[in-house]
Amino acid sequence: MPIAVRLPDDSVRELPDGATGADLALAIGPRLLDASLAVRVDDHLLDLNSSLPNGARVALVTSKDPDSLEIIRHSAAHLLAQAVKRLFPNAKVGIGPVIEDGFYYDFQIEPFFTPEDLVSIEAEMRKVCEEAHSVSREVLGRDEALARFQAMGELLKVELISDIPADQQISGYRQGDFYDLCRGPHIPNTSKLKAFKLLHVAAAYWRGDEKNVQLCRVYGTAFHTQKELEEHLKRLEEAKARDHRKLGKELGLFSFHVEAPASPFFHPKGTVVYNQLVDFMREHYRREGYDEVITPQALDVSMWKTSGHYEKYQENMYFTEVEEREYALKPMNCPTHCLIYGAGKHSYRDLPIRYADFGRLHRYERSGVTQGLTRVRTFCQDDAHIYCAPEQMKAEMASFFGFIKAVYDTFGFEEMRVALATRPEKRLGSDEIWDLAENALAQGMRDAGIEFHVSPGDGAFYGPKIEFQVLDALRRPWQLGTLQVDYSMPERFGLRYTRADNTEGTPVMLHRAILGSLERFMGILIEHCAGAFPVWLAPVQLIVLPITDRVQDYAATIRDRAHALGLRVELDLRNEKVNAKIRDAQLQKIPYMLVVGDREAAEGTVSVRHRQKGDLGAQSLDAFLAQIQQEVQTRAR
RNA sequence: GCCGCCUUAGCUCAGUUGGUAGAGCACCGCACUUGUAAUGCGAAGGUCGUUGGUUCGAUUCCGACAGGCGGCUCCA
């Protein structure tokens, strides 16, 4: 009985019973067979050698298919494991999944692999490819699978098998001397892998639990062609060149010191950027109806007990004792805002009340987790708390969505990903309250037409969060903003407002930030723009480069006029050639260089050079100043 | 916190059978007066992260600690 399958172009093809994807490919043409990596049957990806069910919709998966990259990466992970087992027979295999941009495989081995080991493992991988092993799948019974991996001594795999749900099929893959537990699908032959590279080795806890043993994780990546692989490696280099820690040093923005680990010291230039960001947010706050407040740094632990931080957040807090009284440095501003709210009596007419705070926060982060500006122990959020009546929440959320979009647009973060982070294990408040809060956020997003995914268990201890993620210039995702609903803290602080009918109500509290932390945002922004800040943020916006001593006075006049307009301007009077001055200004990523010599001094002009556009020719000083001022005022990108 | 790696001049880095160190750039001085990404010459600059140990002798070998990097876990 022949079978019939439907191809993507809607044509129907008859094949003998039991025909596989490979048979189909061959029937269409030998070149297609050669190009095929797997087969898609009714939305499921299967091995090329799987037999096709009658009546199915079938598509051959070649390198053009977006899912094919995942298949070759997964197969590359198996290839890695095979090479490791050959060179290090004692190594036990863990898991080897595909991740963004590549794959990894975990091995239980002592000592861990060295970078030199990686070189020999990669060489062995190439050998396995050349040996052109066919890759075959077999379905295993549960007991059979357990016995087989037990016999192989692969106890981690045994543990995994035990946890596979009873209704799920268990399968194994063989390629030459290597056998692995795997769902698949895989490429049909190891010779199909052409472009891969092992990148680095690191430790990882077995099954992600820090109570478990640490395995040696080998990271690698694979592509269809060597060219794509090389492009990817180039992107990694590019990312390295943009590293904010490197640029921060080169551009004189900030430094770190052993005296205060994981705590940035902002130098004058970094402070300019930092303060510009604060000013920018303040400007928005005035328009959006926020009031700024200033609150203390060290507060009695009794307040942290009221807020719940003492109970749920203690391990991240700094404590100090003075006159037998215990204080904690604030890790968050919210409780202090509750004290301000509670200092007066509020009518429904006063709500919403929006308190913004650029207060310094301290959070004790475990020593291995800090990183540059993106994870520090002291930082400042563009933090605000909105106290409103329950019926005002929807409007507050809607206006916040508009606010956050406007801010991200300014920086060129045009793509936003949104997640709803739901109740964590460590939390305050009843399940009813959490239901209410989670539903409020979800509904608010639906009303605003915002698409989101759910991130279970990632909420704050006092309430669920909406997390706003942006993609930077290299399309790397970063979490920046957040919006959180909190029914607990107003209750714990006994906050009230008087309703129109003269009854007392408890306000809802919204915690929200847009940039996240200024430190972290600055790090991300540096990498986003590769250190070339937009003019409004640039620590030095223009530099005057006199060619000879004869025009020093003219150059100084230009500097003074720019200065009088509030521009951040420098004058390079060093005894250097103009080429050297330009080079240094370029390296400092100063947006505008004004080259002036005898000609410009005589005509009252400036020769403008832009850091990206190059030499723009001579123009009148007035025209140039008007243009740069315009750029600053509009916060042009 | 855990695993691995790293720490030499302001910066970027050299430095092997263990004998107290070198380059480029920057800084300082002198000359040059310069037209869109590095002018030349000279001088100066280091208890080799800290601290124990081994050794006649440690930047080098071993340990502890600190800081950093790559990850894991956690997270703004």
Side-chain angles (χ1 to χ4, degrees), chain A residues 104 106 110-115 117 199-219 240 243 245-246 249-250 252 255-262 313 315-316 331-332 361 363-383 421 424 426 458 460 465 467-468 478-482 484 511 513-521 523-524 545-552 574-588 593-600 607-611 613-618:
Chain A
Y104 68 77
D106 286 344
E110 287 295 331
F112 277 19
F113 298 131
T114 63
D117 291 335
L199 297 171
H200 57 268
V201 40
Y205 297 104
W206 169 236
R207 314 190 92 179
D209 188 332
E210 61 183 314
K211 290 191 228 19
N212 288 340
V213 290
Q214 285 198 325
L215 305 180
C216 179
R217 177 168 295 178
V218 178
Y219 286 89
K240 224 169 156 184
D243 190 315
R245 294 166 296 197
K246 180 173 176 279
K249 200 184 276 187
E250 288 170 3
S255 58
F256 286 91
H257 302 270
V258 291
E259 288 80 357
Y313 206 72
E315 69 235 32
N316 285 298
M332 300 182 195
L361 307 177
R363 295 186 189 173
Y364 176 73
E365 300 290 354
R366 297 203 291 174
S367 56
V369 309
T370 61
Q371 200 210 35
L373 287 181
T374 57
R375 190 81 182 273
V376 292
R377 286 185 175 149
T378 175
F379 60 103
C380 160
Q381 293 179 316
D382 59 322
D383 197 15
K426 213 171 170 183
D458 284 341
K465 309 191 226 186
E467 296 179 332
F468 298 89
W478 298 96
Q479 206 226 299
L480 298 179
T482 180
Q484 307 164 12
H511 305 241
I514 292 177
L515 306 179
S517 97
L518 289 170
E519 282 75 3
R520 180 179 156 79
F521 187 80
I524 292 162
L545 309 178
I547 293 170
T548 84
D549 292 350
R550 292 189 298 278
V551 294
Q552 279 193 7
R574 289 176 309 160
N575 193 0
E576 290 288 351
K577 284 189 156 185
V578 72
N579 283 330
K581 294 183 183 185
I582 286 171
R583 179 182 146 84
D584 290 341
Q586 285 282 159
L587 290 174
Q588 283 297 302
M593 290 151 264
L594 303 185
V595 178
V596 292
D598 293 325
R599 216 156 53 220
E600 286 78 7
S607 283
V608 181
R609 182 189 166 97
H610 183 267
R611 66 184 167 198
K613 296 175 201 151
D615 190 354
L616 300 179

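The chains referred to below are lettered A, B, ... by the order of the sequence lines, with proteins before strands, and numbering in each begins at 1.
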Requested in this report: Please map the stems of RNA chain B, keeping only stretches of three or more Watson-Crick or G-U wobble pairs with both distances under 3.5 angstrom.
Outcome: B:1-7 with B:66-72, B:10-13 with B:22-25, B:28-31 with B:39-42, B:49-53 with B:61-65

For a 4.5 angstrom cut-off between non-hydrogen side-chain atoms, does [X] reach [Y]?
X	Y	answer
F521(A)	L480(A)	yes
E600(A)	V595(A)	no
T374(A)	W478(A)	yes
R611(A)	M593(A)	yes
Q484(A)	T482(A)	yes
C380(A)	L518(A)	yes
S255(A)	K249(A)	no
L361(A)	Q381(A)	yes

How far, in whole Å, is [M] from [N] if one measures between their [atom1] atoms?
N	M	atom1	result
rU7(B)	rU60(B)	P	12 Å
rA9(B)	rU59(B)	P	15 Å
rA43(B)	rG35(B)	P	29 Å
rG24(B)	rU20(B)	P	22 Å
rA14(B)	rG22(B)	C1'	7 Å
rC41(B)	rA26(B)	P	12 Å
rC6(B)	rG42(B)	C1'	36 Å
rC72(B)	rU54(B)	C1'	36 Å

Proximity to the side chain of [X] - top-ranked nucleotide from [options]:
X	options	value
S607(A)	rG67(B), rG35(B), rU33(B)	rG35(B)
R550(A)	rU33(B), rU36(B), rU39(B)	rU33(B)
P261(A)	rG68(B), rU34(B), rU33(B)	rG68(B)

For [X], which contact category applies under a 4.0 Å heavy-atom criterion: base, sugar-phosphate, or nothing?
X	result
N579(A)	sugar-phosphate
G617(A)	nothing
A262(A)	sugar-phosphate
V595(A)	base
T114(A)	nothing
K581(A)	nothing

Report task. Give a yes or no on whether a donor-acceptor pair under 3.5 Å exists between the nucleobase atoms of rA37(B), that is its base, and the side chain of R609(A). Result -> yes

Can you tell me how far [atom2] of [N] sits from [atom1] of [X], to the nearest Å?
X	N	atom1	atom2	value
E250(A)	rU12(B)	CD	P	8 Å
N212(A)	rC3(B)	CG	P	15 Å
E600(A)	rU36(B)	CD	P	11 Å
M593(A)	rA37(B)	CE	P	10 Å
W206(A)	rC2(B)	CH2	C1'	18 Å

Which atom names give the shortest non-hydrogen contact between [X] and [Y], and what distance separates them?
X	Y	answer
K581(A)	L545(A)	CB-CD2, 3.9 Å
K465(A)	D458(A)	CE-O, 3.5 Å
T370(A)	A262(A)	CG2-CB, 3.4 Å

Query raised in the report: Which is it for K426(A) and E315(A) under the salt bridge (charged side-chain N to carboxylate O under 4.0 Å, His left out) test, yes or no, and what are the steps along the way?
Result: CA-CA 13 Å; K426(A) 213 171 170 183; E315(A) 69 235 32; 3.4 Å; yes

Query - Pair R217(A) + D106(A), salt bridge at N-O below 4.0 Å - result: yes

With the criterion being N/O to N/O and under 3.5 Å, what pairs connect the protein with nucleotides 5-10 of chain B, and how long is each?
none

Query raised in the report: Is there a donor-acceptor pair closer than 3.5 Å between any side-chain N or O of R520(A) and the backbone N or O of Q479(A)?
Result: yes

Report summary line: Its contact letters, B for base, S for sugar-phosphate only and - for none at protein heavy atoms under 4.0 Å, make nucleotides 24-29 of chain B read ------

Query raised in the report: Along nucleotides 70-76 of chain B, 5' to 3', which nucleotides get a B, which get an S, and which get a -, given that the test is a protein heavy-atom distance under 4.0 Å?
Result: BBBBBBB

Query raised in the report: Which residues pass the salt bridge (Lys or Arg N to Asp or Glu O under 4.0 Å) test with K577(A), sequence neighbours left out?
Result: none

Query - Any residue meeting salt bridge (Lys or Arg N to Asp or Glu O under 4.0 Å) with D117(A), in chain and number order, not counting sequence neighbours - result: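 Applying salt bridge (Lys or Arg N to Asp or Glu O under 4.0 Å) to D117(A) gives none.
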
Report summary line: Residue pair R583(A)/V578(A) against RNA chain B: nearer the 5' end by closest nucleotide is V578(A)

Report summary line: Between D615(A) and F112(A), the residue closer to the 5' end of RNA chain B by nearest nucleotide is F112(A)

Requested in this report: May I ask you to verify if any side-chain N or O of K246(A) is less than 4.0 angstrom from the OP1 or OP2 atom of rU12(B)?
Outcome: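 Answer no for this pair, as no side-chain N or O of K246(A) is under 4.0 Å from OP1 or OP2.
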
